[in-house]
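The block underneath contains the structure these notes are about, expressed in structure tokens.
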Amino acid sequence: MDVAGHGSAPAAALPAVLSGEGQGAAVRRANWKDGVVVSSPPGQGTVRTDLEQVFRTAYPRVVAVAARVLGARDEAEDVAQEVFLTFGRSKVPAGEAQAWLSVAAAHTALNHLRSGRRRASREEAADDGQAVSPDIADAVVTRDERRRVRVALARLPRRQAVALVLRHSGLSYAEVAAALDLSPGSVGTIVRRAESALRKELNDHASSD
């Protein structure tokens with residue numbers, strides 16, 4: 001899985017999150033279920049007072065996790081906006097914020113994949129950008145392979161997919177275990193099963209073509 005570059009929180013993004021700009025139905029209070037964030041109806045609470053501090057600290061990781069799934073930084077930034085809007089209305093303890101946000105980023109990005117909410121124009125723009133490449137055949141194969149990986153990732157059991165994304169986003173086994181409320185010793189097994197399932201999905205897809 002490829003990943004868009006890391007970066008600091010953009011100045012324009014923070015005011016939008018703090019003000020709730022563009023939130024609509026996207027702002028939801030989130031709860032834990034089997035170690036995964038699930039949504040429930042919007043809450044009426046005020047924006048939490050530590051949002052700005054958490055945003056500035058956690059934004060790069062949230063974007064990086066979402067970019068692992070989506071492969072495009074601006075799409076990952078959209079996911080980050082959605083995740084922080086939800087977090088801003090939540091009652092997640094401050095000490096659990098980093099783990100919660102990482103899981104929420106993976107979960108939300110996977111939802112984007114599964115619901116087909118990715119921007120087709122991005123794929124077209126990427127194609128146009130590669131048209132001048134002297135290795136156009138290789139470029140096309142690479143793009144196709146990345147698309148296939150994301151389709152296969154979207155088919156994995158949710159907990160496996162989230163664990164795989166978090167681990168490949170640079171989180172340690174201990175951090176993945178804490179984020180998903182797992183025992184540290186079980187993380188390696190879950191990630192290996194996810195990798196095996198991903199390879200199987202890719203192989204099955206290739207054999208059916």
Side-chain angles (χ1 to χ4, degrees), residues 1-6 32-38 60-76 78-80 83 99-120 122-127 129-130 133 135-209:
M1 293 182 291
D2 59 315
V3 60
H6 293 225
W32 290 97
K33 182 178 181 182
D34 298 329
V36 172
V37 178
V38 294
R61 173 176 280 187
V62 170
V63 171
V65 169
R68 271 293 172 190
V69 178
L70 298 169
R73 182 174 174 83
D74 59 349
E75 289 185 68
D78 290 345
V79 166
V83 168
W100 189 96
L101 288 163
S102 294
V103 175
H107 185 75
T108 304
L110 286 165
N111 283 347
H112 279 232
L113 277 187
R114 292 185 176 187
S115 64
R117 286 157 64 186
R118 305 198 63 216
R119 301 173 191 163
R122 174 171 312 289
E123 301 293 347
E124 294 171 3
D127 290 344
Q130 292 289 350
S133 169
D135 301 312
I136 187 64
D138 290 341
V140 169
V141 169
T142 299
R143 286 200 306 275
D144 183 63
E145 182 68 17
R146 289 174 178 171
R147 291 190 192 104
R148 288 175 55 225
V149 168
R150 292 190 179 98
V151 169
L153 181 65
R155 293 191 182 119
L156 294 185
R158 181 54 62 98
R159 177 171 289 207
Q160 285 187 4
V162 171
L164 184 64
V165 168
L166 295 181
R167 179 60 182 150
H168 282 270
S169 297
L171 275 69
S172 68
Y173 284 108
E175 288 173 321
V176 175
L180 296 179
D181 194 23
L182 300 169
S183 64
S186 68
V187 173
T189 299
I190 292 174
V191 170
R192 285 191 296 274
R193 286 176 178 171
E195 290 171 340
S196 177
L198 187 62
R199 284 193 294 269
K200 184 177 185 302
E201 284 285 349
L202 289 170
N203 290 336
D204 289 349
H205 179 78
S207 63
S208 64
D209 289 344

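Contact detail for S169 and A64: the closest heavy-atom pair is OG-O, 4.2 Å. Smallest separation of non-hydrogen atoms from L198 and A152: CD1-CB, 3.5 Å. Here the closest heavy-atom approach between residue A99 and residue A179 is recorded as CB-CA, 3.6 Å.
A178 pairs by the side chain to side chain contact (heavy atoms under 4.5 Å, CB included) definition with nothing, not counting sequence neighbours. Take S186 and apply the side chain to side chain donor-acceptor pair (under 3.5 Å) test, not counting sequence neighbours, and it matches S183.
The pair R148-E145 meets the salt-bridge criterion, with a side-chain N (NZ, NE, NH1 or NH2) lying under 4.0 Å from an Asp/Glu carboxylate O.
Residues V69 and V79 fail the side-chain proximity criterion, which asks for heavy atoms closer than 4.5 Å. R158 has its side chain within reach of L110: a pair of non-hydrogen atoms, C-beta onward, lies under 4.5 Å apart.
Atom CZ of R114 sits about 15.5 Å away from atom CZ of R150, to the nearest 0.5 Å. Here the CZ atom belonging to R61 is positioned 8.5 Å from the CG atom belonging to L166, to the nearest 0.5 angstrom. To the nearest 0.5 Å, atoms CG (L153) and CD (Q160) are separated by 10.5 Å. Atom CZ of R159 is separated from atom NE2 of H107 by 12.5 Å, given to the nearest 0.5 angstrom. Put simply, CG on L113 and CD on E75 are 8.5 Å apart, with the number rounded to the nearest 0.5 Å. Between the CZ atom in R68 and the CZ atom in R167 there is a gap of 11.0 Å [rounded to 0.5 Å].
Under the 3.5 Å distance criterion, the side-chain polar atoms of R155 are left unmatched by any main-chain donor or acceptor of E201.
The side chain to side chain contact (heavy atoms under 4.5 Å, CB included) test with V162 singles out one residue from L180, L156, V176, and that residue is L180. Test V65, T108, V63, V103 against V83 for side chain to side chain contact (heavy atoms under 4.5 Å, CB included) and you get one pass: T108.
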